[in-house]
Every structure is written in C-alpha cells, then in structure tokens.
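Below is one structure; the comments refer to it alone.
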Amino acid sequence: FIDAGLDPSVVIGTKMKELGNKNYRVGKSQWLIVEACEYRRSFLHLYPDIIVLTNVEYEHPDYYKDFEDYKNAFDEFIAKLPEDGKLITSSKEFAFDLQIPGDFNRKNAGLVMELAGKLGIDFDTATTSLQEFKGTWRRFEITEEIGNTIVIDDYAHHPTEIKATLRAAREKWPEAKVLCIFQPHQYSRTLELLHEFARSFQDVNEVVISNIYEVRDTEKDVAAISPEDLVEEINKVSNNARYGGGLQNTEKILQKTAAKYDVIIKMGAGDIWEIKASA
C-alpha cells in the first residue's frame, strides 16, 4: 500500500524497518490496515470493509471454551463485513522469489497479490514490493552471526507456527545442523496443545526447552504441566529434546555449544529473545 502510493495508516503486532522500526504508521488517506487479534474476541471491536483471513486454527485455550467457540468468534467477525465487503481466504502461492523463506510466507504473499488485484493496485508494483520485503522483528529475524553459526529469533508459539518456521529453516538450509531453543508461552497453552507441541520439532537436530513463560496462568495451570513433561513428550516422537533448566542456564548452554550448530533458532512469544548465543 505504501509503495503503491496509497498512504495508509497502519497498526500491526510487530516492528518493521519500513515503519521506522515502529509498529504503526499515521497516513493521510482513507486506508487503515490493522493486524487483528482474536484473543478475547478483540477483533469484534473492528468494522472492516475487507478481511484477509490467513487461518482459523484453535488458539488461546485460556479464553475459548473449545474449537467451536473459537470458530464462532470468526463467524461473528466475518458477519461484520458490509454487503459490498471483501473476504479473501484462499489463493495460489506467490509465484516469484521472496527474501523470506517458507510455504506460509508464499501463501500470505499470494493473499496480498489477490487483494492487490481486487483493489486495482499495479501488478508490477505489488510484485516488486513483496520481493523487496525482508521481514519483521522477531519473525525469522537473523540477530547474530557467530563464525559460521547463524542465530535467528522467531515469535512462533503455536505448534503450527513452530512447524512452519522450522520447515522454512530446513528449506533454506537443507543440510544444516539446526538447534531450536524453545520457550513455551503459557502453561495452559502448553497443556492444552501438548501432543501437538510434541510433534513440532522433527525438522531440527536438537531442541532445548528453556522454561515455560508464565502469563495469564492460574496456580492450577502451573501445577498441571512442566518443561520436563514437554521434553518427555517430544522425545517420544523425535528423541531430540532436553530441558535447559531455566532461561539463564539455557543461555549458558547456548553460549557453550553454539559453535556446534550451523543454525540456532530462539523461539517463543515470551522473553526468550533476550538470551544471547555470544558471550
């Protein structure tokens, strides 16, 4: 939208270089682009003319009763569209090279191209804009390079996100020795999606579970699941996990062993991004 001269206002959930390392932009046109979140049905406060819906997959088990309740929230959101509104949910993958890897990024780019076509945005302008896009803060972001080791920071905290991101890393570096340092976000989410988490790390050589980031959790939630429980479940599937013994100790492990790996991915929605692979 910016490259096409549409001068949008923007509110998103991460920082972007294109927005001056901020997560918002104040434009002077009629366009407002919002990255909407379904947690506590917050997106129902919006009244969109266009919805680009990337996925509907059960999340936020601390709020939603079950998947049916979750889907109902999306039904309510879609129902807010006016009669001449647009809903964009499926497309072909983007057919040109992107600087950010992964099937999900190509699908998202395909959705953007479909949107651009419906709004009459010039095809070449849209294509060039996507090809030049280098990603955002904490989304497959290269943060350190230590000798031959590349360190990536990523926000993924849902099993589908984890698998997609690790598959993207394997796509980009098929022969690399990859370590994932994962910090689950919320005890309640870890317990509810435990079996899905256990099957999320088959594309890496090793995964270290640092700790579980506590937020919006009850005492009952905390008592019901531990990092060691997740390690045990992962090892039943891929036998490549160990417990890091807390965030600070995980950082020590990382700094001692970083040189053994070609790619290290620090992953999670908590404070995992703060640890460093270099001493």
Side-chain angles (χ1 to χ4, degrees), residues 1-4 6-27 31-40 42-43 45-46 48 50-57 59-60 63 77 88 94 98-113 115-116 126 129-144 150-169 172 180-186 189 200 210 213 215-216 247 263-277:
F1 272 60
I2 294 169
D3 291 346
L6 297 180
D7 194 21
S9 293
V10 179
V11 181
I12 61 170
T14 188
K15 294 180 284 190
M16 291 177 60
K17 294 183 178 72
E18 292 85 352
L19 303 183
N21 289 318
K22 297 179 294 196
N23 74 325
Y24 68 93
R25 178 185 193 271
V26 180
W31 289 107
L32 170 61
I33 300 172
V34 178
E35 182 184 8
C37 178
E38 73 276 23
Y39 180 61
R40 290 189 177 274
S42 63
F43 59 179
H45 293 288
L46 302 172
I50 301 168
I51 295 174
V52 179
L53 187 58
T54 57
N55 69 85
V56 180
E57 186 161 10
E59 172 64 305
H60 306 298
Y63 174 75
F77 183 50
I88 298 174
F94 188 62
L98 296 172
Q99 296 195 43
I100 47 177
D103 174 64
F104 63 103
N105 281 318
R106 289 188 291 273
K107 286 181 177 177
N108 286 343
L111 291 171
V112 172
M113 288 302 295
L115 173 65
S129 185
L130 287 170
Q131 287 178 315
E132 291 179 350
F133 180 59
K134 296 180 180 179
T136 67
W137 180 66
R138 301 215 63 221
R139 284 296 189 190
F140 213 85
E141 179 189 19
I142 295 176
T143 56
E144 297 179 81
I150 296 170
V151 182
I152 293 168
D153 187 33
D154 195 89
Y155 187 76
H157 57 285
H158 183 281
T160 300
E161 296 173 339
I162 295 165
K163 285 184 279 190
T165 300
L166 298 182
R167 198 175 300 125
K172 188 171 180 66
C180 179
I181 306 285
F182 179 59
Q183 181 189 55
H185 190 261
Q186 288 187 276
R189 179 187 282 116
S200 297
S210 60
Y213 189 79
V215 56
R216 304 194 301 265
L247 199 61
V263 178
I264 296 169
I265 304 175
K266 300 182 299 180
M267 181 176 280
D271 54 4
I272 189 71
W273 63 276
E274 295 179 355
I275 70 172
K276 299 290 184 184

*asked:* Counting C-beta onward and ignoring hydrogens, is there a side-chain heavy-atom pair between L98 and F133 closer than 4.5 Å?
replied: no

* Do L166 and M267 pass the side chain to side chain contact (heavy atoms under 4.5 Å, CB included) test, and can you show the C-alpha distance, the side-chain angles, and the key distance before you say yes or no? -> CA-CA 10 Å; L166 298 182; M267 181 176 280; 3.8 Å; yes

ask   = Do H60 and R40 come close enough that some side-chain heavy atom pair is under 4.5 Å?
value = no

**Item:** Residue pair K163, D103: steps toward the salt bridge (Lys or Arg N to Asp or Glu O under 4.0 Å) verdict
**Value:** CA-CA 11 Å; K163 285 184 279 190; D103 174 64; over 6 Å; no

* To do: Please confirm whether the backbone N or O of W137 pairs with a side-chain atom of T14, one donor and one acceptor, at under 3.5 Å?
  => yes

Can a donor-acceptor pair be found, under 3.5 Å and without considering hydrogens, that links the side chain of T136 to the backbone of K15?
no

On a heavy-atom basis, the closest approach of L32 and V10 is CD1-N, 4.4 Å

dist M16:CE -> I2:CD1 (nearest 0.5 Å) comes out at 6.5 Å

- Between the main-chain N or O of T160 and the side-chain N or O of E57, is there a donor-acceptor pair closer than 3.5 Å? no

**Study point:** Minimum side-chain heavy-atom gap I51-F77 below 4.5 Å
**Key:** yes

Just by modelled atom types, is the G13 backbone N or O under 3.5 Å from a matching donor or acceptor in the E35 side chain? yes

Return yes when atom OH of Y39 has more than 12 non-hydrogen atoms of other residues, nucleotides or ligands closer than 6.0 Å, and no otherwise. yes

Are any side-chain N or O atoms of Q183 and backbone N or O atoms of D271, one a donor and one an acceptor, separated by less than 3.5 Å? yes

Closest heavy-atom pair, F104 versus A168, reported as atoms and distance to 0.1 Å, is CE2-CB, 4.2 Å

_Between K134 and E18, does any side-chain N to carboxylate O distance fall below 4.0 Å?_
no

SB check R138 D153 (cutoff 4.0 Å): yes

Interatomic distance, CG@L111 vs CZ@F94, rounded to 0.5 Å, equals 12.0 Å

Are the side chain of R25 and the backbone N or O of P8 linked by a donor-acceptor pair below 3.5 Å? yes

Problem set entry | Student check: side-chain heavy atoms of I162 and H158 closer than 4.5 Å | no

Report task. Would you indicate whether the side-chain heavy atoms of D154 and R139 approach each other to under 4.5 Å? Result -> yes

Here the gap from I100 atom CD1 to E141 atom CD, rounded to the nearest 0.5 Å, amounts to 12.5 Å

| said: Please check: side-chain N/O of K266 versus main-chain N/O of I181, any donor-acceptor pairing under 3.5 Å? | reply: no

- [ ] Please answer whether the main-chain N or O of Y213 pairs with a side-chain N or O of Q186 as donor and acceptor at a distance below 3.5 Å.
- [x] no

Here the pair of heavy atoms bringing T165 nearest to A156 is OG1-CB, 4.0 Å

Closest non-hydrogen contact found for C37 with S42 is O-OG, 2.6 Å

Smallest heavy-atom separation, Q99 atom then Q131 atom, equals NE2-O, 3.2 Å

Inset, instruction - Could you give me the CA-CA distance, side-chain angles and deciding distance for H185 and Y155, then say whether side chain to side chain contact (heavy atoms under 4.5 Å, CB included) is met? - result: CA-CA 10 Å; H185 190 261; Y155 187 76; 6.0 Å; no

Taken in chain and number order and not counting sequence neighbours, the residues that satisfy side-chain contact (heavy atoms from CB on, under 4.5 Å) with L6 are F1, A4, W31, I121

One should read off an interatomic distance between N108 CG and R106 CZ, to the nearest 0.5 angstrom, of 11.0 Å

